[in-house]
Amino acid sequence: MSSLKSTPDSKDYWRSLDRLLESPAVREAVGEGAENEFPAGASDAPGGVDRRSMLTLMGASFALAGLEGCRRPVETIVPYVSAPEYVVPGIPKRYATTLPAGAGAHGVVVESHEGRPTKIEGNELHPSSLGAANTWTQAEILNLFDPDRSTSVQRRAAGETAHRPSSWKFFDAFLAERRPELEANGGEGLAVLSGTYSSPTLARLATKLASRFPKSRWVVYEPFGDDNVFAGCEMAAGRPCRPVYHLEHARKILALDADILHTESESLAAARGFAAGRKAATPDDDMNRLYVVESALSLTGSVADHRVRLRSREIGAFATALARELGVEAAAGEATWPDAVDAKLKLLAADLAASTGEALVVAGRRQPPAVHALALAMNQALGALGRTVTLHDLEDAGTGDSQAVADLVGGMREGAVTTLLILGGNPVYTMPADLDFGAALASVEHTIHLSGYLDETSQQVAWHLPETHFLEAWGDARAAGGSPSVVQPLIAPLHGGRSAVEVLDRLFGDTPDAARSGYDVVRETWLEVLGAGDFERKWRRVLHDGVATDEVLGDRAPAAGRAEGAPTIRVGESPAAGPGAMDDSSGAGAGSDTLELTFHPSLATWDGRFANNAWLQELPDALTKITWDNAALISPATAEQFDLASGDLVTLGYRDRTLDVPVFVLPGQADGSVALALGYGRTAAGRVGDGVGVNAYLLRHSAAPDFDGGLSLTKIKGSYELCQTQEHWDMEGRDLVREATLAAGFAGEKLDPEKSHQLFPSHDYSQGPQWGLAIDLGSCIGCNACVVACQSENNIPVVGKEQVGRGREMHWLRIDRYFSGTPDDPEVAFQPVPCMHCENAPCEQVCPVAATVHDRDGLNAMVYNRCIGTRYCSNNCPYKVRRFNFFNYTKDTPELMKMAMNPDVTVRSRGVMEKCTYCVQRISEARIAGKRQGREIADGEIKTACQQTCPTEAIVFGDIRDPESEVSRWKASDRDYVLLGELNNRPRTSYLARVRNPNPEWV
Amino acid sequence: MRTKLLALVAVLVVATGCWRGATSPRPPWHPNPNMDNQPKYRPQAASAFFYDGATMRLPVEGTVARGELHEDTAFYTGLDERGQLVAQIPIEVDDALLERGRERYGIYCAPCHHQRGNGKGVLWDRAQIQSADLHEERLRSAPDGQIFDVITNGLGLMSGYKYPIPPADRWAIVAYVRRLQSEAGS
Amino acid sequence: MPQIFPEKANAVPLYMVAGLVAVAVVVPPLIWYYFSPEFTDVGYRPVQPVEFSHKLHAGELELDCRYCHAQVEVSAVASVPPTQVCMNCHQLVARDSAKLAVIRDSMESGHPVEWIRVHEVPEYANFDHSVHVGAGVGCSSCHGDIRSMEVVTQMEPLSMSWCLECHRNPDLHLRERDEITNTSWKPGRNQLAFAAQFKEERRIQPPEDCSACHR
């Protein structure tokens, strides 16, 4: 039926504003006619050297090298000296460990080849990851092997301008020298500055620090912490706590400026729960409905059934009004929005109230505590407490406090702080500019920074200490729900670093000679966590599982939330809950009609800590598709008001600071609100991250660190080239993303292969397993986790901004993002596009050397060593999923980075075409294991890298000949369709049409 | 003149080893080395980064890999929960296990202990070093766990064999040794 | 007008044709002969850091291949043994031999011995030892009669056509499990009948797909 067919008249998709407007930029980029799919220069030779001089050079080098150069290099085999038990060269092992993530933790499972970690995946047993991993978690493997990491202790003596290499021995001596004085005066002047943590061991050491040095202080600063969440929870429930959401139990979900599916804490569990509530197999099935009220278009907003654009400043008032609508006593707020929003608010309240007990309201970390308190009050009114949201104690957590940070910086400036130990983080770069942390550092006598890089902060301290990566050291962390887990190392520290735990432990000087390792310190803590009885067995189980399950913990399991029932939420009594506290918190004279500035974590570099990670820098932003840059995001209406187009340069003025940034016009952005991603413009990140983008921290003010009005915007001369992966491979208005609504039902229109014309005879697909993939567009939230998983699994090179600008990015799996509706209030659809593995593959027919051929399992195989680089296949691929190595991108791979490569996958060279292989190495591994054990491959045994990491389980892979397999069942769905089916390529990759669940009464 | 020249060429060809199969210590010619050697590490590759020149690293002490919980101490160490050597093989002894044991014994044990278990294997032939005679009374009466423990960790002059022989195979060998002993006794 | 070319020049085209014919006749066989891995790769016999004799250890002492190459049945790589395996015996036998100095140093210093790889498959091709051994292809099919070699020498070209030859018709290389490590094994008189039955029983279907090895 027609709701699936999505003919151009039913829904008009446009890839971007430029496409919609048919602007000259597009015409120039794709050439005059639409038939030219590549931008100009995409196939040009590199500039600078012409062919003749190239040949001369080549001739000369041949002559020099002679025939001896043609000999194969001698390769050595280096075995162990004493081989460890259970390590078999060639068979990877997997270890569960934990990536501490602020006040939470991501449980991960890391693949290790002969003791070298190579890939990070989610831990299916861990409550916060449930087997999935996000982009940042997966990219940590590249951070581990980053050749720009700090390799030694660096010291700058008083009066010197530069650091000199030193060693831990000297630092230990320094500590020993300082300790008596600190012990004598009770730690007067000693301060520790760290990021947010939730670690039993760090908490224990912090307590020990407070008792050993009572006058010392421990301050926590996190650029994107959950401090507002915790404060709001305390405000409402009367005790420190944190809410944990259970989206799988919710039928109506409202997110208030909250990107719950991606950048908020616990996003993986939220995404899994959200998707679980949307896997409607038939129109009769139940399905949740997501409302989002936000200023900047987020991933959560993109997949919402209904989205309301409001400036972040107005969301507090919106929440107040909504709360009153739901019967919560809250002080009156001034409604400054149009009537249409008011009508939506009433509909929203009615719809939420209709699902009492199964509704959920979530406020984002950007919103002040009062909004969080309101959200909890609404949840209580909706009967959600204890069902879709549970409140948990903040166990073993160190959380941020802006007042304490301000006091610390003040104390530093006044000389009250004499010894400052900074554990991780990069406060010189990440602190709000008005605090001027860098200048304050200069007034502190002894400054110590533990950090993985010689970064902006390290350059200004007396002692820089190289920090271990989380894959190199022992530690621990608690998940949001309280489940503790251990960080177990995968490899000995590559550069002889120490962890925060080890540095702190040595501060006390309890074991001067044979200093204890992190292992001993963590185990000491866990004797308390697990109890001494049967400790060894429980400890091993925790290491094995990657989390201490309730079974292991017994009566020591975190009690909060479960026993909780429903606390009394008292929002009306809280003075800060009134709208006055939410509006104009800046006090900078920001009227409601002034421009608003909102700060966001970068989807690539987060708060800047991933700036030197090339995978993430090159990862296209989920919505703007910009790589290697940040930009000020504005709505089309705002752009018109200021006469701006994407790429124009503007000067943003806020309080007394200004910043020049390029703008990007993003549909769906709230009018009058400018969104700016932090985490760019680093100056000491390393070779990859230095000078990428603009440092937005320079505009951040400690009084209003998340959003504020009173922004001025001035267009200045010139423009800036933002490299997107967007305009390439345009599919020219064909029927690509299909949609259905739950109400209207869905029935697919399958293509009858018999009717279609076919030029070449079919292969025989009647034997053995026949591999196929299905992608559920209804579940995809566009988070890019699959793209990084693919990059990590398949050794996909990074090409750099300039090459991306020429359309030469190498990702085997891309996520297309389509807008529909109006530019102001668009609907968004994501579509992951890997190789389709067509049964009648057009690429195979045109390859002159048979470098791409079919195998008997139905895979469209790419044989790199046979490829001569004609690129005919890529030209003939209707899906544009083939990628060409225009240069030898991996030639200069540093020794360390080679360790991040998957040994089971070819590292391609120049002149070779490549594309998604359905992770053929994993298929081979399973096939060989099956042969060795004399059995068939079970369904679900092979998971492609993208499938494995997907937070929403939107991808499934398997044998389509087996009617019982998961993939067969998906493909049998009415929602199933293939891309460009009319070409009769018979793709093995198919899609399930996206299903929306709109409120029928929505205006 | 011409024949001499031809003969000279033939001699030169032979002298430079220019025929198929000629041995040479120098690596083969590979005029097109594309992707022959890639910037990744296959098992047992060399490394310029680590001090010992190897890319293979030891697992960090104290870590537990997935699937290596090994709570069944009897099976993995030959010791029960109280740290005592187990008296009996903790897995079922059947023909398949004995056959496996025979094969593994032949590979790893026979060189010293001899195919018949009399302790006079190659080591005796070559260097007159006698290994333990598996038919001795003290070995016959030793608990199964002790034989397992010796295979695992070695004893006296014998090295431990936990690296090449996985635990299941060690038990197979124990079972086979028991079979050898009973056959010799009867 | 004087003649530019001497009369001899009339023969030049003829010589050229003759020369071309000669080149066309001579060069392809030379390329066929010299550019084949059978010429370039077979016979590679690098000097190893330790003068280890397979002839002595595997031949005369009859140590099983798997005593050292212990992972060959379970892993893609057969793996060269750790130093410790040498020391199993050499802590007792030939303790002071000069030939073993490298081994003793390695054990003492903890630095592994750096052996030279003889049988090298390009890294874009994946070879799995375990699946071949499991399917009844013995060591000698690829490595030759190692037990008779003083110094390990590459005996087979290890080229793709050579691999495919066996994948298309493995009959002459399949043997019983007991014979896997017997490197002087030769097919018997009933080999073809045995192979046919063996393939049937074990369901041996060597893949010929590109993706079987290239990934």
Side-chain angles (χ1 to χ4, degrees), chain A residues 70-84 87-92 114 767-768 771 794 850-867 902-909 912 917-925 927-934, chain C residues 40-41 44 46-49 68 70-87 103 105-120 122-126 128-135 160 202-205 207-215:
Chain A
C70 293
R71 285 192 189 273
R72 187 174 81 190
V74 173
E75 191 179 318
T76 52
I77 298 177
V78 190
Y80 283 114
V81 174
S82 294
V87 174
V88 178
I91 298 185
E114 297 96 33
Q767 298 299 311
W771 305 118
N794 291 306
T852 182
V853 291
H854 247 73
D855 79 0
R856 58 181 169 180
D857 296 346
L859 298 183
N860 169 240
M862 180 70 221
V863 191
Y864 308 120
N865 48 311
R866 210 182 246 181
C867 178
N902 184 352
D904 299 328
V905 175
T906 296
V907 182
R908 285 78 58 185
S909 178
V912 174
T917 63
Y918 274 175
C919 286
V920 65
Q921 66 280 1
R922 295 187 175 200
I923 299 173
S924 289
E925 192 188 320
R927 191 189 60 223
I928 289 171
K931 275 189 184 175
R932 211 152 48 208
Q933 294 154 16
Chain C
T40 56
D41 290 39
Y44 178 39
V47 180
Q48 298 289 354
C68 301
Q71 324 291 5
V72 73
E73 292 164 305
V74 292
S75 168
V77 292
S79 65
V80 168
T83 314
Q84 148 211 15
V85 169
C86 307
M87 294 304 277
I103 297 289
D105 286 352
S106 161
M107 204 65 205
E108 240 164 69
S109 67
H111 285 247
V113 180
E114 298 192 8
W115 302 91
I116 311 289
R117 186 185 284 282
V118 182
H119 300 91
E120 184 174 338
E123 293 193 8
Y124 49 77
N126 288 266
D128 191 298
H129 277 86
S130 67
V131 76
H132 287 87
V133 169
M160 185 165 122
R202 307 269 194 106
R203 289 192 292 158
I204 292 169
Q205 302 158 320
E208 291 166 41
D209 299 320
C210 303
S211 58
C213 311
H214 300 294
R215 34 184 132 127

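First the proteins, then the strands, lettered A, B, ... as listed; each starts at 1. Values reported hereafter were calculated over all heavy atoms of this structure, with side chains retained and with hydrogens, waters and symmetry mates removed.
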Visitor: Taking side chain as everything from C-beta outward and backbone as N, CA, C, O, which of these in A:Y864 sits under 4.5 Å from a heavy atom of chain C? Side chain, backbone, both or neither.
Guide: side chain

Visitor: Pair C:M107, A:S82 - check side-chain contact (heavy atoms from CB on, under 4.5 Å), show working.
Guide: CA-CA 8 Å; C:M107 204 65 205; A:S82 294; 3.6 Å; yes

Visitor: Which residue out of C:R203, C:E120, C:E123 racks up the most heavy-atom pairs below 4.5 Å with chain A?
Guide: C:E120

Visitor: Report the option among C:P81, C:A76, C:P207 that has the most heavy-atom pairs separated by less than 4.5 Å from atoms of chain A.
Guide: C:P207

Visitor: Out of C:V131, C:V85, C:V118, return the one with the most heavy atom pairs under 4.5 angstrom to chain A.
Guide: C:V131

Visitor: Where on C:V133 is there a heavy atom nearer than 4.5 Å to chain A: the side chain, the backbone, both, or neither?
Guide: neither

Visitor: Do you know which of A:K931, A:R856, A:Q921 has the most heavy-atom pairs under 4.5 Å to chain C?
Guide: A:R856

Visitor: If you take all heavy atoms of A:V920 and C:R215, which pair is closest and at what distance?
Guide: CG1-CB, 3.4 Å

Visitor: Which region of C:P122, side chain (C-beta onward) or backbone (N, CA, C, O), has a non-hydrogen atom less than 4.5 Å from a non-hydrogen atom of chain A, or is it both or neither?
Guide: neither

Visitor: Got a donor-acceptor contact below 3.5 angstrom from the A:T76 side chain to the C:W115 backbone?
Guide: no

Visitor: With a 4.5 angstrom heavy-atom cut-off, is it the side chain or the backbone of C:A125 that approaches chain A, or both, or neither?
Guide: neither

Visitor: So what's closer than 4.5 Å to chain A heavy atoms on C:R202: side chain, backbone, both or neither?
Guide: neither

Visitor: With a 4.5 angstrom heavy-atom cut-off, could you sort out which part of C:S79 is near chain A: side chain, backbone, both or neither?
Guide: side chain

Visitor: Relative to chain C, which segment of A:R927 carries a heavy atom at a distance below 4.5 Å: side chain, backbone, both, or neither?
Guide: side chain

Visitor: Among A:V88, A:V907, A:I923, which has the most heavy-atom pairs under 4.5 Å with chain C?
Guide: A:V88

Visitor: side-chain contact (heavy atoms from CB on, under 4.5 Å) for C:Q205 and A:Q767? Distances and angles first, verdict last.
Guide: CA-CA 12 Å; C:Q205 302 158 320; A:Q767 298 299 311; over 6 Å; no

Visitor: For the atom pair OG1 (C:T40) and CZ (A:R72), what is the distance rounded to the nearest 0.5 Å?
Guide: 8.5 Å

Visitor: Of C:C213, C:S211, C:C210, which is the lone residue that meets side chain to side chain contact (heavy atoms under 4.5 Å, CB included) with A:V863?
Guide: C:C210

Visitor: Please find the pair of heavy atoms, one from C:P82 and one from A:A83, that lie closest to each other, and give the distance.
Guide: CG-CB, 3.7 Å

Visitor: Let me confirm one number: the CG-CZ distance from C:D128 to A:R932, rounded to the nearest 0.5 Å.
Guide: 6.0 Å

Visitor: May I ask you to name which of A:L859, A:D855, A:V81 has the most heavy-atom pairs under 4.5 Å with chain C?
Guide: A:V81

Visitor: Looking only at heavy atoms and a cut-off of under 4.5 Å, which of C:V113, C:V77, C:V74, C:V80 has the most pairs with chain A?
Guide: C:V74

Visitor: Do you know which of A:N794, A:T906, A:I77 has the most heavy-atom pairs under 4.5 Å to chain C?
Guide: A:I77

Visitor: Against chain C, label A:V78 side chain, backbone, both or neither, depending on which of its atoms sit under 4.5 Å from a heavy atom there.
Guide: both

Visitor: Pick one of side chain, backbone, both or neither for C:H129, based on which atoms fall under 4.5 Å of a heavy atom in chain A.
Guide: neither

